[in-house]
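Down below is the structure, laid out as structure tokens.
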Amino acid sequence: MSTPVREERDYYERIYTASEQVPRGQVATYGDIAAIVGDGCDARIVGHALGALGARSATVPWQRIINRTGGISTSGHGQRELLVEEGVAFDERGHVRMDAHHWPGPSEEWARAHGFQSLPKRPGSAPDPQLRLF
DNA sequence: TGAGTGACCGGGG
DNA sequence: ACCCCGGCCACTC
């Protein structure tokens, strides 16, 4: 019998590919990335994968992956500054304004074409049909 | 072996 | 929003 056991490392490349889809100025949670990767991936594996980026941190926008509360889980890497630099707003408590910056996930088309999952719709935050720019 | 820890999450109160 | 708890997986005493 074959062993269906999957090592954490087996998820890494897909985690990096999924993370690369998060646009500048938006953020995703560790759980979001895990759900997009699917196939048993979980949020902690995503954290481990990003922690193991090394030189690839230059091409994977790891700073856009944060925890579910909108908080920064890293320290000493300037993650917050990088996000501020790309226009992400924080509240007084130091959390990202998720209602304004939470990435809705990849398009159905992209996900299907590349073997990833798309995220379920979040009823709470509508894609701002009533957000007026002035 | 078992407890603790980590770039975590969801549910319930 | 908070805290608590269980689940998650790999690693380290």
Side-chain angles (χ1 to χ4, degrees):
Chain A
M1 315 129 35
S2 61
T3 57
V5 182
R6 204 175 293 279
E7 299 266 341
E8 268 202 14
R9 278 190 169 295
D10 297 337
Y11 293 107
Y12 285 13
E13 288 306 319
R14 283 170 60 76
I15 287 169
Y16 299 151
T17 300
S19 300
E20 283 168 355
Q21 309 312 309
V22 184
R24 181 180 176 83
Q26 294 188 47
V27 296
T29 71
Y30 295 97
D32 288 340
I33 300 300
I36 290 165
V37 169
D39 197 29
C41 187
D42 71 79
R44 313 199 68 158
I45 298 178
V46 174
H48 290 160
L50 296 179
L53 267 173
R56 292 191 184 99
S57 59
T59 58
V60 177
W62 58 272
Q63 72 273 19
R64 296 174 197 153
I65 316 303
I66 61 181
N67 67 41
R68 74 171 163 169
T69 69
I72 303 298
S73 298
T74 60
S75 60
H77 296 280
Q79 185 171 9
R80 181 185 171 120
E81 288 71 20
L82 287 170
L83 290 175
V84 168
E85 203 173 314
E86 51 186 76
V88 174
F90 289 73
D91 64 21
E92 304 75 14
R93 275 182 37 211
H95 290 95
V96 170
R97 293 192 182 176
M98 298 300 271
D99 50 356
H101 299 285
H102 197 174
W103 181 52
S107 69
E108 287 282 353
E109 295 76 14
W110 184 90
R112 186 168 52 246
H114 297 267
F116 287 77
Q117 305 296 127
S118 53
L119 294 179
K121 296 193 173 188
R122 286 192 289 268
S125 56
D128 49 301
Q130 55 236 73
L131 169 61
R132 287 164 291 115
L133 290 173
F134 61 97

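These numbers come from the heavy atoms of this one structure, side chains and all, not from hydrogens, waters or symmetry mates. Chain letters run A, B, ... following the sequence lines, proteins first and then strands; every chain starts at 1.
Within residues 85-97 of chain A, no residue has any heavy atom closer than 4.0 Å to DNA chain B.
The shortest non-hydrogen separation linking A:A34 to A:V46 is N-CG2, 3.7 Å. The two atoms that bring A:G87 and A:H101 nearest to each other are O-CE1, 3.4 Å, heavy atoms only. Of all the heavy atoms in A:V22 and A:P61, the pair that sits closest is O-CG, 4.3 Å. Among all heavy-atom pairs drawn from A:T29 and A:R68, the shortest one is CG2-CA, 3.9 Å. Closest heavy-atom contact between A:W103 and A:A28: CE3-CB, 4.0 Å.
Under the 4.5 Å side-chain criterion, counting only non-hydrogen atoms from C-beta, A:W62 is in contact with A:L82.
Geometric assessment of A:R80 against the ring of A:F90 yields a positive cation-pi assignment under the 6.0 Å and 45° thresholds.
Under a 3.5 Å cut-off, the side chain of A:R14 and the backbone N or O of A:F116 do not form any donor-acceptor pair. Put simply, the side chain of A:Q79 gets close to the backbone of A:I65: a donor and an acceptor are under 3.5 Å apart.
For the P atoms, the distance linking C:dC5 with B:dA3 amounts to 16 Å, nearest Å. The same atom, P, is picked in C:dG7 and in B:dA7; the two are 23 Å apart, to the nearest Å.
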- How does each nucleotide of nucleotides 6-13 of chain B score, in 5' to 3' order, for protein heavy atoms under 4.0 Å: base (B), sugar-phosphate only (S), or none (-)? BBBSB---
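Using a 4.0 Å cutoff to heavy atoms of chain A, the contacted part of DNA chain C runs 5' to 3' from C:dA1 to C:dA10.
Using the six-membered ring where Trp is involved, A:Y16 and A:Y12 have ring planes that are tilted, between 30° and 60° apart.
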